[in-house]
Amino acid sequence: MLYTLIRVPEDLHALLPQRAESEGTTVTALITEAARNAVRDPRLESAADVFRAFVADQAEVFDAAFPDDAPARLDASRVA
């Protein structure tokens with residue numbers, strides 16, 4: 001593991017522990033995730049969006065072809 005020293009404004013520094021606690025994580029984990037997001041290839045997110053749309057569009061076809069594997073769907077009329 002490598003270490004990097006970063007400088008952040010005092011107001012941001014004060015908010016980090018609060019955010020980490022509210023999410024049940026650590027400041028290090030928050031900053032690490034932010035760094036991962038900063039270097040993530042935007043094409044991957046675009047591809048993930050295309051995949052999600054395809055799955056949503058084809059859900060009924062998949063359910064009909066594989067009825068034993070079809071997930072339970074929420075019935076909007078039963079949602080409170």
Straight-line distance of Ile6 CD1 to His13 NE2, nearest 0.5 Å: 9.0 Å
Output every pair passing salt bridge (charged side-chain N to carboxylate O under 4.0 Å, His left out) with a member in residues 6-21, not counting sequence neighbours, ordered by first then second residue. Arg19-Glu23
Can you find a pair of side-chain heavy atoms, one from Thr26 and one from Thr32, that are under 4.5 Å apart? no
Please say yes or no: joined through hydrophobic side-chain contacts below 4.5 Å, possibly via intermediate residues, are Val61 and Phe54 part of one cluster? no
In terms of heavy-atom contacts, Ala20 and Val27 come closest through CB-N, 3.7 Å
Minimum heavy-atom separation for Leu30 to Leu16, with atom names? CD1-O, 3.7 Å
